[in-house]
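In this chain, residues are counted from 1 in sequence order. Every number for a ligand or one of its atoms is a count from 1 in the order of the listing.
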Amino acid sequence: MKNDFSLISPIEIHFGEGTIKEVKGILKNQKRRNVCLISDPIVRKLGLLNELEEMIRAEGAGLTVLDEVEPEPSVIVAQKLLDKIRRQSFDLVIGVGGGSALDISKAIAVLATHEGGISDYLNLTGTKKLSNKGLTKVMIPTTAGTGAEVTDIAVFSTGDSKDVMTDKHLLADYVIVDPALTYSLPKRVTAAGAVDAFTHAIESFTSKHSNPLTDIFSKDAMWRINNWIRVAVWNGEHKEARRQLSLGSLEAGISFYNAGVAGVHALAYPLGGQFKVSHGESNAVLLPYVYAKIWPSCISQLVEVSRIIGTHHEDRSNRDNARYVVAELFNLVSDLDLPTKLSDYGISKGDLDQLTDNALKQVRLLGRSPMNLSRQDIYEIYLNAFEGNLKF
Ligand SMILES: NC(=O)c1ccc[n+]([C@@H]2O[C@H](COP(=O)([O-])OP(=O)(O)OC[C@H]3O[C@@H](n4cnc5c(N)ncnc54)[C@H](O)[C@@H]3O)[C@@H](O)[C@H]2O)c1
Ligand SMILES: [Fe+2]
């Protein structure tokens, strides 16, 4: 860790059941109020936009709803929505949904006032830079996991992998985390999202770019998520568990936006791109295997994690306490009934070389790993995850 550091987050964050009503105050503060509400068809069908639509209309603001977002959105779908938003003159974009809807919302709200398409601004292939923050952005998550509401990142599927737009101009102006919007999440999406959030917390805690402030958020997020994840997954009606996961996800989002995620996400991206495994599940299936490889490089942090998640024993060596964390990560994924090996996703041994090549392209993410991961290391992690062989 360097001596100097910064912590960046959206200025206005509202948390709690019913905070969706904050939209009224936000609209009152805006001079021009032509609103574009962006979401996906499932969220709309579940009725999660109803109250919001009523509020916006009651405030006398203009409203257009675009609900074409797909899960793990492709550049093509994002571009279509960008073309639509450019045809009208909106002042405000409200994104409501999981990370997929929020990422598209952030990207197109900014690109509405720029030249060029989504692919021109992507990290790996783009050439253009953002010059202004675009339309006012309000982000309202309906999943507990990605933390996309508080990051300046927008992730898109590119075919064989994923690529991101990342720039401070993507940061939301207002964030509303209302846990009541997550009550309808199915068990598997709850589990995958919660493990994604836990992964954000542990990867930022062991990141080369962590700092004392991100550590506070990471540790609290790990504690909270670990305490409540099984309850929320096994009893989706448990409102307190839902609240704790939403808060843990928010904390983990602030933390990873500043300290960064690393190897787990780098190896997970190609699973999403090539095999359409959801973001949360891609991380979950790899989490134990990545730490099974890198634990010797972050023993002191993992000893702290062992205290947070309750596996610590004074009479064990530090190395053993760190290794027990790896075992516990596997238990967690397995307890939640999520797949624990790559072969469960129809991935074959012959695919591992290409997955490795694609993971190696995620230089930004791999650069924060406490252990430098060579091609051979990455291949071995995929192979162990393929065979379900947790050697450490
Ligand atoms: N920007 C970031 O910082 C960041 C971080 C991590 C992940 N991501 C990206 O976020 C995307 C994944 O987001 P996600 O995991 O939130 O999933 P998602 O947005 O793809 O949603 C998953 C599914 O859950 C449904 N859903 C959403 N809310 C619901 C609710 N309340 N009740 C019932 N169903 C609901 C959606 O319709 C969808 O079918 C990926 O593209 C990933 O790469 C972004
Ligand atoms: Fe993630």
Side-chain angles (χ1 to χ4, degrees), residues 9-10 20 38-49 67-75 77-78 95-107 123 137 139-158 161-167 170-172 175 177-204 221 236 242 245-246 249-250 252-258 260-262 264-273 276-284 286-287 362 365:
S9 84
I20 196 164
I38 303 211
S39 191
D40 73 45
I42 295 177
V43 167
R44 190 173 198 188
K45 202 162 168 214
L46 285 167
L48 298 180
L49 306 183
D67 68 353
E68 293 107 282
V69 172
E70 59 175 14
E72 317 287 318
S74 63
V75 174
V77 165
V96 187
S100 302
L102 302 192
D103 281 356
I104 288 203
S105 305
K106 291 190 289 188
N123 187 42
K137 300 179 270 306
M139 292 300 128
I140 309 181
T142 64
T143 59
T146 69
E149 65 277 10
V150 287
T151 73
D152 72 356
I153 308 159
V155 190
F156 299 106
S157 301
T158 53
S161 190
K162 290 200 169 184
D163 202 352
V164 299
M165 274 176 72
T166 166
D167 188 292
L170 287 169
L171 211 56
V175 172
V177 181
D178 185 336
L181 298 174
T182 68
Y183 294 167
S184 51
L185 280 173
K187 178 176 171 236
R188 192 154 171 170
V189 185
T190 304
V195 178
D196 184 27
F198 188 88
T199 307
H200 295 155
I202 192 169
E203 286 214 281
S204 36
R242 292 286 191 192
L245 286 193
S246 285
S249 161
L250 174 65
I254 294 172
S255 157
F256 96 80
Y257 169 38
N258 288 275
V261 284
V264 181
H265 275 72
L267 273 69
Y269 275 179
L271 294 188
K276 308 294 166 228
V277 180
S278 77
H279 177 77
E281 292 195 25
S282 313
N283 281 310
L286 291 167
L287 174 67
Q362 301 295 337
L365 301 178

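- When distances from the Fe ion (ligand 2) to the N, O or S atoms of His279 are compared, NE2 comes out shortest.
- Contacts between Asp40 and ligand 1 below 4.0 angstrom, taking non-hydrogen atoms only, involve the side chain exclusively.
- Contacts with ligand 1 closer than 4.0 Å are made by side-chain heavy atoms of Pro186 only, the backbone lying farther away.
- Closest to atom 6 (C) of ligand 1, if we only count protein heavy atoms, is His279 NE2, 3.4 Å.
- Using a 4.0 Å cut-off between heavy atoms, Phe256 contacts ligand 1 through its side chain alone, with no backbone atom that close.
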### Message
side chain to side chain donor-acceptor pair (under 3.5 Å) for Ser157 and Lys276? Distances and angles first, verdict last.
### Response
CA-CA 9 Å; Ser157 301; Lys276 308 294 166 228; 5.1 Å; no
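- At the top of the distance list for atom 22 (C) of ligand 1, counting protein heavy atoms only, stands Val189 CG1, 4.2 Å.
- Counting heavy atoms closer than 4.0 Å to ligand 1, residue Thr146 contributes atoms from both its backbone and its side chain.
- Set against the non-hydrogen atoms of Pro73, the atoms of ligand 1 under 4.0 Å away are 41 (O).
- When each atom of ligand 1 is checked for a heavy atom of Leu46 under 4.0 Å away, the hits are 32 (N), 33 (C), 34 (N).
- Contact annotation: for Leu48 versus ligand 1, heavy atoms closer than 4.0 Å belong to the side chain alone.
- With a 4.0 Å heavy-atom cut-off, ligand 1 is reached by no atom of Val69.
- Considering the Fe ion (ligand 2) as centre, the angle to OD1 of Asp196 and to NE2 of His265 is 100° (10° rounding).
- Under 4.0 angstrom from ligand 1, the non-hydrogen atoms of Asp103 all belong to its side chain.
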